[in-house]
Amino acid sequence: MAASNPTVAVITPAFAAMGTLVTTVRSVLAQTYPHWELVIVSDDGVDYLRFLAEHGIADKRISQLSSGKVGGGASAARNLALDAITAPYAAILDADDRLKPQKLERAVAALEHHGIVTTALDVMDEQFNHLRDVAAGPDGEMTPGAHKWVNVSMDSMIVWDRARADARYDLTMSNMTDLELLLQLYRTVPASFHLGTPLHDYIKRDGSMSNGEKTAAGMVASKTTLLQRLGSGYYPLAPGGVEGMVDFLTVSLEAERHYGAALAAQPGLLFEDHLEPRLAAAKQAAP
């Protein structure tokens with residue numbers, strides 16, 4: 001069990017983030033759990049602490065690292081922070097997303113007994129209009145095999161105990177790096193705990209990896225790589241974990257192949273809305 005009032009390091013890579021970062025940081029400042037540190041990793045040479053100060057935000061819990069690059073990538077920036085922090089808990093927050101006020105408080109409470117915590121998502125457009133919830137429902141323990149069947153969107157909404165599970169982002173993969181990191185964490189934590197209340201605002205942008213028209217090839221390649229690794233035993237998951245992940249990725253790959261045509265027929269179609277009927281059909285067809 002972690003010490004009383006453990007610190008959560010919130011890691012935020014920032015590249016061309018001046019249009020969104022103020023809102024993101026304010027969502028951290030609004031947390032009901034005060035024991036956090038926000039580590040912004042500048043991936044474009046911008047002094048984001050100065051930028052935030054110009055917008056009236058100055059807090060000793062906020063610090064900045066620099067990748068020393070311009071556009072080195074979110075995975076490398078996150079790894080830089082993971083190598084630097086000493087906080088017992090870590091959380092990921094993209095520079096255009098937001099945390100609901102109780103996100104860290106509820107995650108820390110769950111981490112007393114679990115090594116990984118996931119939360120449901122409030123999926124929004126760029127004006128913060130609600131589009132849909134993902135993974136909303138009851139709280140409960142979730143095995144690796146069940147995780148993606150519930151959390152069909154991104155996997156960076158996790159908070160984890162670094163003493164129970166440690167990992168770094170795979171710099172060889174162009175997409176699906178959040179899921180790949182989670183699979184590494186599942187090597188030493190057999191099950192996560194899911195909070196079914198949407199506690200993380202996931203902002204869908206026109207060019208976002210999970211909704212952009214030009215990213216299909218990268219998504220297919222990365223999902224294929226994960227399938228190959230799962231088949232080779234690269235991720236020694238708890239019983240049923242490999243099978244559940246393989247089944248999900250197989251359905252998801254098929255959905256990727258048809259998403260372009262579906263998006264052309266229905267502009268603005270979310271990949272989640274395209275995928276979920278296929279997942280439901282697969283469940284129904286399972287023996």
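Side chains are part of it too, since the values below use all heavy atoms of this structure and drop only hydrogens, waters and symmetry mates. Since we're looking at a predicted model, the values are computed, not measured. By convention here, the first residue in the shown sequence is residue 1.
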Quiz prompt | Residues in salt bridge (charged side-chain N to carboxylate O under 4.0 Å, His left out) contact with D133, at least two apart in sequence or another chain | solution = none
Exercise. Run the numbers on D247 and W149 for side chain to side chain contact (heavy atoms under 4.5 Å, CB included), then give the verdict.
Key: CA-CA 9 Å; D247 289 345; W149 293 83; 3.7 Å; yes
Exercise. Nearest 0.5 Å please: distance from the CD atom of Q64 over to the CG atom of L52.
Key: 8.5 Å
Quiz item: Within a strict 4.5 Å, meaning less than it, do heavy atoms of the T119 and T197 side chains meet?
Solution: no
Quiz item: Would L80 end up clustered with W160 when hydrophobic side chains under 4.5 Å apart are linked, directly or stepwise?
Solution: yes
Practice problem: Would you give the length of the straight line joining atom CD1 of I40 to atom CG of L65, rounded to the nearest 0.5 angstrom? | Solution: 10.0 Å
Practice problem: Indicate yes or no for a side-chain donor-acceptor contact from T12 to the backbone of A95 under 3.5 Å, with no hydrogens or angles considered. | Solution: no
Quiz item: Remaining members of F15's ILVMFWY cluster at a side-chain heavy-atom cut-off under 4.5 Å?
Solution: V70
Quiz item: Below 4.5 Å, heavy atoms only, C-beta onward: do H147 and I116 meet side chain to side chain?
Solution: no
Quiz prompt | I203/T20 under side chain to side chain contact (heavy atoms under 4.5 Å, CB included): CA gap, chis, key distance, verdict | solution = CA-CA 10 Å; I203 312 305; T20 61; over 6 Å; no
Practice problem: Can you tell me which residue pairs pass the side-chain hydrogen bond (donor to acceptor under 3.5 Å, both in side chains) test with a partner in residues 226-236, sequence neighbours excluded? | Solution: D170-R229, E180-R229, E180-Y235, R229-Y235
Quiz item: Hey, does the side chain of S222 reach the backbone of G218 with a donor-acceptor pair shorter than 3.5 angstrom?
Solution: yes
Quiz item: How many angstroms lie between CG in L182 and OG1 in T177, if you round to the nearest 0.5 Å?
Solution: 11.5 Å
Quiz prompt | Side chains of K148 and L249 in contact at under 4.5 Å (non-hydrogen atoms) | solution = no
Exercise. Mind jotting down which residue pairs meet the side-chain hydrogen bond (donor to acceptor under 3.5 Å, both in side chains) criterion with at least one end in residues 274-287? Sequence neighbours excluded, please.
Key: R132-E276
Quiz item: Where is the tightest heavy-atom contact between V251 and A282, given as atom of each residue plus distance?
Solution: CG2-CB, 3.8 Å
Quiz item: Taking all non-hydrogen atoms of both residues, which atom of I11 and which atom of A81 are closest, and how far apart?
Solution: CG2-CB, 3.6 Å
Exercise. In plain terms, say whether D122 and R98 are close enough for a salt bridge, that is, a side-chain N and a carboxylate O under 4.0 Å apart.
Key: no
Quiz item: Mind checking what makes salt bridge (charged side-chain N to carboxylate O under 4.0 Å, His left out) contact with D94, not counting sequence neighbours?
Solution: R78
Practice problem: Might you work through the side chain to side chain contact (heavy atoms under 4.5 Å, CB included) test for L253 and R257, ending with a clear yes or no? | Solution: CA-CA 6 Å; L253 269 172; R257 296 185 181 101; 3.9 Å; yes
Practice problem: Please check if the side chain of D201 supplies one atom and the backbone of D97 the other of a donor-acceptor pair under 3.5 Å. | Solution: no
Practice problem: Indicate, with yes or no, if V117 and V150 share a hydrophobic cluster defined by side-chain heavy-atom contacts under 4.5 Å among Ile, Leu, Val, Met, Phe, Trp and Tyr. | Solution: no
Practice problem: Would you kindly confirm whether L171 and L185 end up in one hydrophobic cluster when ILVMFWY residues are joined by side chain heavy atoms under 4.5 Å apart? | Solution: no
Quiz item: Does V10 offer a backbone N or O that forms a donor-acceptor pair with the side chain of W36 under 3.5 Å?
Solution: no
Practice problem: Scan for salt bridge (Lys or Arg N to Asp or Glu O under 4.0 Å) pairs involving residues 14-33, sequence neighbours excluded, and state none if there are none. | Solution: none
Quiz item: Do K69 and D43 meet the salt-bridge criterion of a basic N to acidic O distance under 4.0 Å?
Solution: no
Exercise. Look at the side chain of E112 and the backbone N and O of V108, then say whether any donor-acceptor pair between them is shorter than 3.5 Å.
Key: no
Practice problem: Go through the structure and list residues passing ring-ring contact (aromatic ring centres under 6.0 Å, His included) with Y33, not counting sequence neighbours. | Solution: H35
Self-check item: pair L199-L99: side-chain heavy atoms closer than 4.5 Å
Solution: no
Exercise. Please step through side chain to side chain contact (heavy atoms under 4.5 Å, CB included) for the pair R162 and I85, ending with a clear verdict.
Key: CA-CA 10 Å; R162 300 173 63 227; I85 62 176; 3.6 Å; yes
Exercise. Could you list the residues that satisfy salt bridge (charged side-chain N to carboxylate O under 4.0 Å, His left out) with E37, not counting sequence neighbours?
Key: none
Quiz item: Do the non-hydrogen side-chain atoms of S156 and Y202 ever get within less than 4.5 Å of each other?
Solution: no
Self-check item: ring-ring contact (aromatic ring centres under 6.0 Å, His included): pairs with one or both residues in residues 180-200, sequence neighbours excluded
Solution: H114-F193
Quiz prompt | Minimum heavy-atom distance between P88 and T7, given as atom pair plus value | solution = CD-O, 3.4 Å
Quiz item: Are I62 and Y48 side-chain neighbours, meaning at least one heavy-atom pair lies under 4.5 Å?
Solution: no
Self-check item: Nearest-0.5 Å distance that lies between atom OG in S67 and atom CG in N79
Solution: 12.0 Å
Self-check item: Distance-minimising heavy-atom pair for Q31 and P101
Solution: OE1-O, 3.2 Å
Self-check item: Lys/Arg-Asp/Glu bridge criterion (N-O < 4.0 Å) met for D161, R164
Solution: yes
Quiz item: Do you reckon L121 sits in the same ILVMFWY cluster as L275, going by side-chain contacts under 4.5 Å, direct or chained?
Solution: yes
Exercise. Not counting sequence neighbours, which residues clear side chain to side chain donor-acceptor pair (under 3.5 Å) with S153? List them please.
Key: E272
Exercise. Decide side-chain hydrogen bond (donor to acceptor under 3.5 Å, both in side chains) for D44 and S42; before the verdict, give the C-alpha distance in whole Å, the side-chain angles of both, and the deciding distance to 0.1 Å.
Key: CA-CA 6 Å; D44 54 8; S42 174; 3.1 Å; yes
Practice problem: Quick one: pull up NZ in K100 and CD in E105 and give me the separation to the nearest 0.5 Å. | Solution: 16.0 Å
Quiz item: Mind checking what makes salt bridge (charged side-chain N to carboxylate O under 4.0 Å, His left out) contact with K223, not counting sequence neighbours?
Solution: E256
Quiz item: If you look at every heavy atom in L226 and L183, which pair is closest and at what distance?
Solution: CD2-CD1, 4.1 Å
Quiz item: Closest approach of T143 and A191, non-hydrogen atoms and distance?
Solution: CA-CB, 4.3 Å
Quiz prompt | Donor-acceptor contact below 3.5 Å, side chain Q184 vs main chain R168 | solution = yes
Self-check item: Rounded distance (nearest 0.5 Å) linking atom CG of D139 with atom CD of E141
Solution: 12.5 Å
Just distance, no hydrogens or angles: give the donor-acceptor pairs under 3.5 Å from side chains in residues 54-61, sequence neighbours left out.
{"unit_1": "H55", "atom_1": "ND1", "unit_2": "F51", "atom_2": "O", "d": "3.0"}
{"unit_1": "D59", "atom_1": "OD1", "unit_2": "R61", "atom_2": "N", "d": "2.8"}
{"unit_1": "D59", "atom_1": "OD1", "unit_2": "R61", "atom_2": "NE", "d": "2.9"}
{"unit_1": "D59", "atom_1": "OD2", "unit_2": "R61", "atom_2": "NH2", "d": "2.9"}
{"unit_1": "R61", "atom_1": "NH1", "unit_2": "P34", "atom_2": "O", "d": "2.9"}

Quiz prompt | Side-chain heavy-atom pair N151, M157 within 4.5 angstrom cut-off | solution = yes
Practice problem: Determine, using the 4.5 Å side-chain heavy-atom cutoff (strictly less than), whether L230 and V189 are members of one ILVMFWY cluster. | Solution: yes
Quiz item: Less than 4.5 Å apart, any side-chain heavy atom of T172 and any of T225?
Solution: no
Practice problem: Could you tell me whether the side chain of D155 and the main chain of D178 form a donor-acceptor pair under 3.5 Å? | Solution: no
